[in-house]
Number of protein chains: 2
Amino acid sequence: MDMPAEERLGLLVKRAEQRLMAAKHAAVKTAGLTVPQYAALLVLVDNPGISAAALARECLVTPQAMTVVLKNLLGHGLIERGPHQWHRTMLETHLTDAGREALRTADAAAVVIERRIAAAFTPDERDSLRDLLTRFTQAI
Amino acid sequence: MDMPAEERLGLLVKRAEQRLMAAKHAAVKTAGLTVPQYAALLVLVDNPGISAAALARECLVTPQAMTVVLKNLLGHGLIERGPHQWHRTMLETHLTDAGREALRTADAAAVVIERRIAAAFTPDERDSLRDLLTRFTQAI
DNA sequence: TTATATATATCAAAGCTTTGATATTGTGCC
DNA sequence: GGCACAATATCAAAGCTTTGATATATATAA
């Protein structure tokens, strides 16, 4: 009301993210995954045995949100969870073979999108966008 | 796995949007609103009597999602809904005085954030970011 | 007039997210 | 040893979002 919608950079970022999420959702769906599940598996494959809390920090969500995602992944047999040796308050999470396979399929589809985006810019423009977005984030 | 996370421009956009949403959420919360509620009221104030379906299109969400948002706004007395004259299949939605007041408060807080973001860039950089983000969206 | 297509609203199911609250366990300090 | 602190997990409530299915009403075309 006090600022024209046209000038609000936030709206542009939101629209870009919305489109990106829609495309990624469709991409990882081919592997039977949701975007948050894909993100969790992506961290998990490089951090076997990571705790739910640590996973949540990596994915920038709350532990409660991650619990829900892990519960669904567990229900689909893509991960396994078991008690930690000495830290009895921790649960170790590991990928199953099915989980690894789903991640492989999903990532292939997701990378196609990232490559399509990258191809829309020159190397200089990519650097510029990276810089502007980083400053955008820091400005908030 | 096939592409370094560093190079994925999508991740940067997602992080920027995440921070933006967190900041906006905190901002509009001072008016007792959520971000989707704020977005709906922002469209509503310029389109009195708009249908839920049209509102959903403006906000880029599904009609079902908008129904939930409107139900909560209605429950808080910020909007009113009534039947349309001849289109009996439509429900007209209008802001209440309380809704207008909440929107005014929320928008003031939201504009502060947008101004802070805008201030982090020169006019040329803003144009550049606008251009790059638009092409980003179209590339998907 | 009848049939088709379109637009509206709404119910239901599944999933993600947040804040808030609680219990258990491990760590460090006294 | 005992106590405060931090980290983990989990329950609960509220809200947003999607896809899919269904019912009603308007508009258009045969």
Side-chain angles (χ1 to χ4, degrees), chain A residues 14 17-41 47 49-76 78-79 81-93, chain B residues 14-15 17-41 49-76 78-79 81-93:
Chain A
K14 191 175 175 57
E17 197 266 353
Q18 228 161 0
R19 276 288 191 86
L20 176 67
M21 279 304 102
K24 284 220 171 162
H25 185 272
V28 302
K29 193 180 181 181
T30 63
L33 296 178
T34 65
V35 174
Q37 287 170 357
Y38 164 64
L41 293 184
N47 301 272
I50 192 174
S51 73
L55 200 49
R57 283 191 295 271
E58 284 294 316
C59 295
L60 302 175
V61 298
T62 61
Q64 293 92 323
M66 186 53 66
T67 298
V68 175
V69 174
L70 291 180
K71 184 165 56 94
N72 289 320
L73 285 172
L74 198 56
H76 290 135
L78 303 183
I79 60 171
R81 307 189 72 189
H84 191 281
Q85 280 86 340
W86 43 85
H87 284 68
R88 280 202 304 175
T89 179
M90 267 179 65
L91 282 178
E92 281 187 339
T93 303
Chain B
K14 190 173 175 58
R15 283 188 73 106
E17 196 268 350
Q18 230 161 359
R19 277 287 191 86
L20 176 67
M21 280 304 101
K24 284 220 169 161
H25 186 271
V28 301
K29 193 180 181 181
T30 63
L33 295 178
T34 64
V35 174
Q37 287 171 357
Y38 163 65
L41 293 185
I50 192 174
S51 73
L55 199 48
R57 283 191 294 271
E58 285 294 316
C59 294
L60 301 175
V61 299
T62 61
Q64 292 93 324
M66 186 52 66
T67 297
V68 176
V69 174
L70 291 179
K71 183 166 55 93
N72 289 321
L73 285 172
L74 198 56
H76 290 136
L78 303 183
I79 60 171
R81 306 188 73 188
H84 190 281
Q85 280 86 340
W86 44 84
H87 284 68
R88 280 202 304 175
T89 178
M90 265 178 68
L91 283 180
E92 279 187 340
T93 303

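If you're wondering where the values come from, they're calculated on a predicted model, not measured in any experiment. Throughout, a chain's letter reflects where its sequence line sits, starting with A, and its residues are numbered from 1.
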How far apart are the closest heavy atoms of [X] and [Y], and which atoms are they?
X: B:A40; Y: B:V69; value: CB-CG1, 4.3 Å
X: B:A52; Y: B:R81; value: CB-NH2, 3.4 Å
X: A:C59; Y: B:Q18; value: O-NE2, 4.2 Å
X: A:M66; Y: A:A56; value: CB-CB, 3.8 Å

remark   = So, with a heavy-atom separation below 4.0 Å from DNA chain D, the residues of residues 67-74 of chain B are B:V68, B:V69, B:N72
message = Within the supplied structure, the quantity of interest is the number of heavy atoms (other residues, nucleotides, ligands) at a distance under 6.0 Å from B:R15 CZ; does it exceed 12?
response =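 It does not: B:R15 CZ has 12 such atoms or fewer within range.
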ask   = Residues from residues 51-64 of chain B sitting under 4.0 Å of DNA chain C, heavy atoms only?
value = B:S51, B:A52, B:A53, B:R57, B:Q64
Just how far, in rounded Å, is [atom2] of [N] from [atom1] of [X]?
X: B:M90; N: C:dT6; atom1: CE; atom2: C1'; answer: 14 Å
X: B:L41; N: D:dC16; atom1: CG; atom2: C1'; answer: 15 Å
X: A:M66; N: D:dT10; atom1: CE; atom2: C1'; answer: 15 Å
X: A:K29; N: C:dG15; atom1: NZ; atom2: C1'; answer: 13 Å
X: B:H25; N: C:dT19; atom1: NE2; atom2: P; answer: 7 Å
X: B:R81; N: C:dT10; atom1: CZ; atom2: P; answer: 6 Å
X: A:M21; N: D:dC16; atom1: CE; atom2: C1'; answer: 16 Å
X: A:E17; N: C:dT17; atom1: CD; atom2: P; answer: 11 Å

key: Set of residues satisfying side chain to side chain contact (heavy atoms under 4.5 Å, CB included) with respect to A:S51, sequence neighbours excluded   = A:A53, A:A54, A:M90
For nucleotides 22-26 of chain C, tabulate all protein N/O to nucleotide N/O atom pairs closer than 3.5 Å, reporting atom names and distance.
residue: C:dG26; atom: OP1; partner: A:W86; partner atom: O; Å: 2.5
residue: C:dG26; atom: OP1; partner: A:R88; partner atom: N; Å: 3.1

key: Any pair counted as salt bridge (Lys or Arg N to Asp or Glu O under 4.0 Å), so long as it reaches residues 17-32 of chain A, sequence neighbours left out   = A:E17-B:K14, A:K24-A:E114
task = With sequence neighbours excluded, give me every salt bridge (Lys or Arg N to Asp or Glu O under 4.0 Å) pair touching residues 49-66 of chain A.
result = none
task = State the CG-CG distance between B:L73 and B:L41, to the nearest 0.5 angstrom.
result =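 CG of B:L41 is found 5.0 Å from CG of B:L73.
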query = Hey, what do you get for CG (B:L70) to CG (B:L91), rounding to the nearest 0.5 Å?
reply =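 With rounding to 0.5 Å, CG (B:L70) is 9.5 Å from CG (B:L91).
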query = Stepwise, does the side-chain contact (heavy atoms from CB on, under 4.5 Å) test hold for A:L78 with A:L33?
reply = CA-CA 10 Å; A:L78 303 183; A:L33 296 178; 3.5 Å; yes
